There are 2 protein chains.
Amino acid sequence: MQTILVIDDDDNLRDTIGVLVEREGFRALLAADGISGVDQAILAKPSLIITDLRLPGLSGVEVCKRIRGAGILTPIIVLSAIGEEIDKVLLLEIGADDYVVKPFGSRELLARIKALLRRQPGNQQKVLGFADIEVNLDRRIVTKRDQEIRFTPAEYNLLTFFLQNPDRPLSRDMILNSVWGYESFPNTRTVDAHVVRLRQKLEPDPNSPRHFLTLHKVGYRFLP
Amino acid sequence: MQTILVIDDDDNLRDTIGVLVEREGFRALLAADGISGVDQAILAKPSLIITDLRLPGLSGVEVCKRIRGAGILTPIIVLSAIGEEIDKVLLLEIGADDYVVKPFGSRELLARIKALLRRQPGNQQKVLGFADIEVNLDRRIVTKRDQEIRFTPAEYNLLTFFLQNPDRPLSRDMILNSVWGYESFPNTRTVDAHVVRLRQKLEPDPNSPRHFLTLHKVGYRFLP
DNA sequence: CGCATCTTGTAAAAGAGTTGTAAAAACTGG
DNA sequence: CCAGTTTTTACAACTCTTTTACAAGATGCG
């Protein structure tokens, strides 16, 4: 589960944001001042940090600087009151990723939280593709111009292997070892049979392949 | 009991709304101008605020801004006269959650009040669903077009797991670990047996499932 | 170039493995 | 011990994989 750290000295707002994000399935971690906020940012490794700009003790700017100074790249959203003049450049310089002006609607804050989290490396949906084909590794779905194409497990494994090794000559033995594993010993013609099916499903013209190429006496080569 | 703050300079309308909401079991708090409205919003912590857009002194827009500026996320319904041009975007920007055009029927206003209150953190009933099925997590009740369908604990747990992980391939082992826990080790066919029962109870045609799909040699996938 | 030989393409059959499902067996809390 | 629930079992039905067989294509050498 993803944790969101909220640093704000306004008890009311802090709790409200906490409830808000918990309702969306995040864990909320609350800090009332900058010092403990920075501590928690370092110790609890949250997925996202929301901090007020005006804080007693350490200011929001200082909080950002210290967190970034500790080598922590967690996205930070800065809250600023409507009157406070905020310098977008300064915010970016100190390492903030986004800012929200109070008063804000709950929907706006959530939208920004989700947008930032979506952009994080680990949370990106892993998608491979070539031409008009998309392979969504998380959903295990292959689409051709948004139309789903079904693949059996062996076909799907072979396809992702090709996609992960583009532009390289791949012998049938190599493919068998990588896709089927060392435990099973099917005849090398099995690979051919599956390549045929990949071509039928994915090539614009299966009779003259542009992506799944034959290297005579060598094996196959995938070209994106 | 939930309190509703009504800010309106029209004595007649203000009282009418007050009576209306009290008849529904809310406590009504009335303010005749923006200044006292904002004060009460901050002091009395109402569950919902209804404010007219055109007010003497502080306008409805200002009222919203000040309330949000104080870090108060209480839902706000804005009332506007039929001629007044209202900018929905502006309303959302200033932190209003909904607006009602005068003249309005009492039923309409009440419906919107209840809709907003339902969405609030503490009051929210957690409901998942797909097609004509609704799963009320708080009440642990599943309904198909308002007709209750009974589920045994294991079935129910499996169902909610599917609902919380839509569109993703779920292996039998993953399902067993998540739904049954690491402590118990039933055979993976147990999952199949329960899926059969989910399909029998929830699929329009259990013989050709549209929601609880089999991924041959992989596991299952739930599609809402 | 032409022919023999080897490699690859491919549909279809055979084989292996997986899933659906009803029913029996085991379990559980009263 | 009972009723309800869960798990296992058994077998039919089905899907996927592999093999096979033959056609088509590529290669190489005289």
Side-chain angles (χ1 to χ4, degrees), chain A residues 140 142 149-162 169-222, chain B residues 140 142 149-162 169-222:
Chain A
R140 200 194 172 285
V142 182
I149 303 177
R150 292 180 40 136
F151 283 87
T152 67
E155 289 164 9
Y156 182 80
N157 293 339
L158 178 59
L159 172 60
T160 55
F161 177 71
F162 274 130
L170 302 165
S171 73
R172 290 178 177 72
D173 282 324
M174 238 161 98
I175 294 172
L176 274 179
N177 281 336
S178 302
V179 179
W180 274 259
Y182 291 94
E183 274 80 71
S184 63
F185 313 98
N187 160 337
T188 56
R189 300 308 312 283
T190 302
V191 176
D192 303 33
H194 283 284
V195 169
V196 166
R197 255 166 277 133
L198 288 190
R199 300 215 261 233
Q200 288 169 347
K201 291 183 178 180
L202 296 173
E203 287 283 1
D205 174 10
N207 294 321
S208 52
R210 309 178 80 76
H211 301 291
F212 301 94
L213 308 186
T214 301
L215 297 180
H216 198 86
K217 289 192 164 206
V218 177
Y220 294 97
R221 184 210 318 261
F222 168 70
Chain B
R140 201 199 168 284
V142 182
I149 303 176
R150 292 181 39 126
F151 282 88
T152 67
E155 288 164 10
Y156 181 79
N157 292 339
L158 178 59
L159 171 60
T160 55
F161 178 70
F162 274 130
L170 301 166
S171 72
R172 291 179 175 69
D173 283 324
M174 239 161 98
I175 295 172
L176 275 180
N177 282 336
S178 303
V179 179
W180 274 259
Y182 290 94
E183 274 79 71
S184 63
F185 314 97
N187 142 356
T188 56
R189 300 308 311 281
T190 302
V191 176
D192 303 35
H194 284 282
V195 169
V196 166
R197 256 165 278 132
L198 289 190
R199 299 216 259 234
Q200 286 169 348
K201 292 184 177 180
L202 296 172
E203 287 282 0
D205 175 10
N207 294 321
S208 52
R210 308 178 79 76
H211 300 292
F212 301 94
L213 308 185
T214 301
L215 297 180
H216 197 90
K217 293 187 160 198
V218 177
Y220 294 97
R221 179 197 334 255
F222 168 70

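Values in this document were obtained by computation on a predicted structure and should not be read as measured data. Proteins get letters first, then strands, A, B, ... in listed order; numbering begins at 1 in each.
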Colleague: Measure CG/Leu215(A) against P/dG25(D) and give the value in whole Å, please.
Modeller: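 Value for this atom pair: 19 Å.
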Colleague: Expressed as a whole number of angstroms, how long is the span from Lys217(A):NZ to dG9(C):P?
Modeller: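 Going from Lys217(A) (NZ) to dG9(C) (P), I get 15 Å.
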Colleague: Compare every heavy atom of Gly219(A) with every heavy atom of Arg172(A), then report the nearest pair and how far apart it is.
Modeller: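 Closest pair (atom of Arg172(A), atom of Gly219(A), distance): NH1-CA, 3.6 Å.
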Colleague: Given that His216(A) and Gly219(B) both sit by DNA chain C, which one's nearest nucleotide is further toward the 5' end?
Modeller: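 In this pair, the answer is His216(A).
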Colleague: Could you check which of dT5(D), dT17(D), dT10(C) has an atom nearest any side-chain atom of Gln200(A)?
Modeller: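 Nearest to the side chain of Gln200(A) among the choices is dT10(C).
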Colleague: Could you check whether atom CZ of Arg210(A) has more than 12 heavy atoms from other residues, nucleotides or ligands sitting under 6.0 Å from it?
Modeller: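 No.
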Colleague: Measure CG/Asn187(B) against C1'/dT18(C) and give the value in whole Å, please.
Modeller: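 Rounding to the nearest Å, CG of Asn187(B) and C1' of dT18(C) are 13 Å apart.
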Colleague: Can you spot which of Ile175(B), Leu176(B), Asn177(B) makes a side chain to side chain contact (heavy atoms under 4.5 Å, CB included) with Val179(B)?
Modeller: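 Exactly one option meets the side chain to side chain contact (heavy atoms under 4.5 Å, CB included) with Val179(B), and it is Ile175(B).
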Colleague: dT21(C) C1' sits how many Å from Tyr220(B) OH, rounded?
Modeller: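 Interatomic distance, OH of Tyr220(B) to C1' of dT21(C): 11 Å.
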Colleague: Any idea which of dT17(D), dT7(D), dT19(C) is nearest the Arg172(B) side chain?
Modeller: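 Among dT17(D), dT7(D), dT19(C), the one nearest the side chain of Arg172(B) is dT19(C).
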Colleague: Would you mind reading off the distance between Asp192(B) atom CG and dT18(C) atom P, rounded to a whole angstrom?
Modeller: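 These atoms are roughly 12 Å apart.
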Colleague: Distance check: side-chain N/O of Trp180(B) vs OP1/OP2 of dT7(D), anything under 4.0 Å?
Modeller: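 Yes, within the criterion.
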Colleague: Closest to the His194(B) side chain: dT7(C), dT6(D), dT10(C)?
Modeller: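 Among dT7(C), dT6(D), dT10(C), the one nearest the side chain of His194(B) is dT6(D).
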Colleague: Can you check the Phe151(A) CZ to dC16(D) P distance for me, whole Å?
Modeller: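 From Phe151(A) CZ to dC16(D) P: 12 Å.
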Colleague: Just the rounded figure in Å: distance from P of dT10(C) to CZ of Phe212(A).
Modeller: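 After rounding, the gap between these two atoms is 14 Å.
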Colleague: Taking the nucleotide of DNA chain D with the nearest heavy atom to each, does Glu155(B) or Arg150(A) sit closer to the 5' end?
Modeller: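 First, find each residue's nearest nucleotide; the 5'-ward one identifies Glu155(B).
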Colleague: Quick one: does Arg189(A) reach the base of dG9(C) with a side-chain donor-acceptor pair under 3.5 Å?
Modeller: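 Counting by modelled atom types and ignoring angles, a donor-acceptor contact under 3.5 Å is found here.
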Colleague: Without decimals, in angstroms, what is the distance between Leu213(B) CG and dT19(C) C1'?
Modeller: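 Value for this atom pair: 14 Å.
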Colleague: Indicate, with a heavy-atom threshold strictly under 4.0 Å, whether Leu158(A) touches base, sugar-phosphate, or nothing.
Modeller: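 The answer is nothing, as Leu158(A) stays clear of every strand by at least 4.0 Å.
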Colleague: Give the nucleotide from the list dT19(D), dT19(C), dT10(C) with an atom nearest to the side chain of Asn207(A).
Modeller: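 Closest of the options to the side chain of Asn207(A): dT10(C).
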Colleague: Among dG20(C), dT5(D), dT17(D), find the nucleotide with the atom closest to the side chain of Thr152(A).
Modeller: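 Between dG20(C), dT5(D), dT17(D), the one nearest the side chain of Thr152(A) would be dT17(D).
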Colleague: Between dT19(D), dT7(D), dG20(C), which nucleotide gets closest to the side-chain atoms of Arg197(B)?
Modeller: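 Between dT19(D), dT7(D), dG20(C), the one nearest the side chain of Arg197(B) would be dT7(D).
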Colleague: Which nucleotide in the set dT10(C), dT19(C), dT18(D) lies at the smallest distance from any side-chain heavy atom of Thr214(B)?
Modeller: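 Nearest to the side chain of Thr214(B) among the choices is dT19(C).
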Colleague: For Pro206(B) and Gln200(B), work out which heavy atoms get closest and say how close.
Modeller: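 The pair with the smallest heavy-atom distance is CG-CA, 4.0 Å.
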Colleague: Check Lys201(B), Arg150(B), His194(B) against Glu155(B) for a side-chain hydrogen bond (donor to acceptor under 3.5 Å, both in side chains) and give me the one that passes.
Modeller: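 Among the candidates, only Lys201(B) passes.
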